Q: 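The following block contains the structure, expressed as structure tokens.
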Amino acid sequence: MVVGTVVVSMLVMLRQNLAFLDNAALLKRLKTSMRDLRRHEERFRSLVQHASDLTLLVGADGTVRFASPALWELLGVDPQAAAGRPIGEVLRPEDVPAAQRLLEEVIASPGADVRRPLRVHHADGSSRWLEAMATNRLDDPSVGGVIINVRDVTEARVLEEQLRHQATHDPLTGLPNRVLLNEQALRLRQEPRQPDGTRPCSCSTSTTSRRSTTCSATRRATAC
């Protein structure tokens, strides 16, 4: 009887020691994981804090859950003040529809990436061209939102427009050249005729006289 009691006691103590060792090993792994997690968080925070690109996390209801510091540089909006507010309150009213369309499109496609150019306005009233990449991570429990990465492409867009203007306008007169006329003629040929047999002229230049000249030349080229 005594021997049996001793054996049972030893087995209980052995089990307790094994459980203690398992708990110690689990605690050690947990501490290591927490250190790794903090290291990753610090690395991510450092990258985001010093990145020129903007990162937003937006919920399915359009609420901004996180905004990186680049929001101040791009739009003149305090990122801390933006958190917890609907994106419609963060942007200027004229910029809200395009942002809402982007959100609606990406939310309708779980796991999808949607890239769109956006023209928005800074708090000082100046306009900016942005390239936004929205990624739907609503189904990811660790994210639960839409990640939007935004970069400023204003300089590239302005340069592109300048180069296009130089390529399609005479440098001396400023009038449209043959390249632009050919483009407009091709576009007009593809448009349906009006009831009177003519095609609408959608030529647009900076002045009425230039527009009239362009339309006349284009109509002659398309015989409309």
Side-chain angles (χ1 to χ4, degrees), residues 33-166 168 187 202 204-206:
S33 298
M34 291 299 294
R35 283 198 301 268
D36 291 341
L37 179 60
R38 284 195 296 269
R39 191 179 303 114
H40 289 312
E41 288 178 346
E42 291 172 358
R43 183 181 301 126
F44 173 76
R45 188 177 299 109
S46 178
L47 291 173
V48 169
Q49 289 287 339
H50 299 90
S52 59
D53 291 353
L54 168 64
T55 300
L56 295 172
L57 178 61
V58 183
D61 59 353
T63 301
V64 177
R65 297 182 179 177
F66 169 81
S68 69
L71 182 62
W72 175 257
E73 295 295 332
L74 288 182
L75 301 180
V77 178
D78 183 356
Q80 294 183 351
R85 296 170 57 192
I87 195 168
E89 296 181 3
V90 176
L91 301 175
R92 290 169 65 98
E94 60 267 35
D95 301 329
V96 174
Q100 288 181 336
R101 286 194 297 270
L102 174 65
L103 276 176
E104 291 171 359
E105 185 174 354
V106 72
I107 289 175
S109 305
D113 296 330
V114 178
R115 185 189 300 271
R116 290 288 181 273
L118 298 175
R119 188 176 186 180
V120 299
H121 293 80
H122 192 275
D124 61 11
S126 61
S127 62
R128 306 286 177 89
W129 277 103
L130 307 178
E131 183 179 74
M133 168 68 82
T135 304
N136 187 334
R137 290 294 179 268
L138 290 169
D139 293 337
D140 186 342
S142 63
V143 180
V146 175
I147 301 173
I148 306 178
N149 295 306
V150 183
R151 65 189 183 99
D152 190 346
V153 295
T154 303
E155 292 184 3
R157 189 68 178 245
V158 170
L159 178 59
E160 179 184 347
E161 292 177 353
Q162 290 176 347
L163 292 175
R164 172 164 176 76
H165 185 273
Q166 293 173 6
T168 57
R187 184 168 61 250
S202 57
S204 60
T205 52
S206 59

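Please read these numbers as outputs of a predicted model, since none were measured by experiment. If you read the sequence from its start, that first residue is 1, and numbering goes on from there.
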Q: Not counting sequence neighbours, which residues clear salt bridge (charged side-chain N to carboxylate O under 4.0 Å, His left out) with Arg151? List them please.
A: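 Counting only residues at least two positions away or on another chain, Arg151 forms a salt bridge (charged side-chain N to carboxylate O under 4.0 Å, His left out) with Glu131.
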
Q: With Ser126, which residues qualify under side-chain contact (heavy atoms from CB on, under 4.5 Å), at least two apart?
A: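 Once residues adjacent in sequence are excluded, the partners of Ser126 under the side-chain contact (heavy atoms from CB on, under 4.5 Å) criterion are His122, Asp124, Arg128.
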
Q: Please list, chain by chain and in numerical order, all residues satisfying salt bridge (charged side-chain N to carboxylate O under 4.0 Å, His left out) with Glu105, sequence neighbours excluded.
A: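 Once residues adjacent in sequence are excluded, the partners of Glu105 under the salt bridge (charged side-chain N to carboxylate O under 4.0 Å, His left out) criterion are Arg116.
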
Q: Would you give the length of the straight line joining atom CG of Leu130 to atom CG of Asn149, rounded to the nearest 0.5 angstrom?
A: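 One gets 12.5 Å once the value is rounded to the nearest 0.5 Å.
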
Q: side-chain contact (heavy atoms from CB on, under 4.5 Å) with Pro86: which residues, sequence neighbours excluded?
A: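 Scan of Pro86 (side-chain contact (heavy atoms from CB on, under 4.5 Å), adjacent residues dropped) gives Glu89.
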
Q: To the nearest 0.5 Å, tell me how far Thr135 OG1 sits from Ile147 CD1.
A: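 So the OG1 of Thr135 and the CD1 of Ile147 are separated by 6.0 Å.
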
Q: To the nearest 0.5 Å, how far apart are CZ in Phe66 and OG1 in Thr55?
A: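 Output value for this atom pair is 6.5 Å.
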
Q: Quick one: which of Val77, Leu71, Ile87 gives a side-chain contact (heavy atoms from CB on, under 4.5 Å) with Val64?
A: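 So the option named by the test is Ile87.
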
Q: Test of understanding: with side-chain contact (heavy atoms from CB on, under 4.5 Å), list the residues that count as partners of Arg65, not counting sequence neighbours.
A: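 Here the qualifying residues are Leu57.
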
Q: Taking CH2 in Trp129 as the centre, count heavy atoms belonging to other residues, nucleotides or ligands within less than 6.0 Å. Is the count above 12?
A: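 It does: Trp129 CH2 has more than 12 such atoms within range.
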
Q: For residues Val106 and Ile148, determine if any side-chain heavy atom of one lies less than 4.5 Å from a side-chain heavy atom of the other.
A: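 Contact flag for Val106/Ile148 side chains = no.
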
Q: Would you give the length of the straight line joining atom CG of Leu138 to atom CG of Asp140, rounded to the nearest 0.5 angstrom?
A: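 Leu138 CG to Asp140 CG: 9.5 Å, rounded to 0.5 Å.
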
Q: Is Glu94 atom CD crowded by more than 12 heavy atoms from other residues, nucleotides or ligands, each under 6.0 Å away?
A: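 It does: Glu94 CD has more than 12 such atoms within range.
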
Q: Quick check: closest heavy atoms across Ala132 and Val150, and the distance to 0.1 Å?
A: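 Scanning both residues completely, I find the closest heavy atoms to be CB-CG2, 4.2 Å.
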
Q: Identify the two heavy atoms, one from Pro79 and one from Pro69, that lie closest to each other, and give their separation to 0.1 Å.
A: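 Minimum heavy-atom separation between Pro79 and Pro69: CG-CA, 3.9 Å.
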
Q: Does a side-chain heavy-atom distance below 4.5 Å link Leu102 with Leu118?
A: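 When only atoms from C-beta onward are counted, Leu118 and Leu102 do touch, with a gap below 4.5 Å.
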
Q: For Asp95, enumerate each residue passing the side-chain contact (heavy atoms from CB on, under 4.5 Å) test, keeping only those at least two apart in sequence or located in another chain.
A: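 side-chain contact (heavy atoms from CB on, under 4.5 Å) list for Asp95, sorted by chain: Leu91, Arg92, Val120, His121.
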
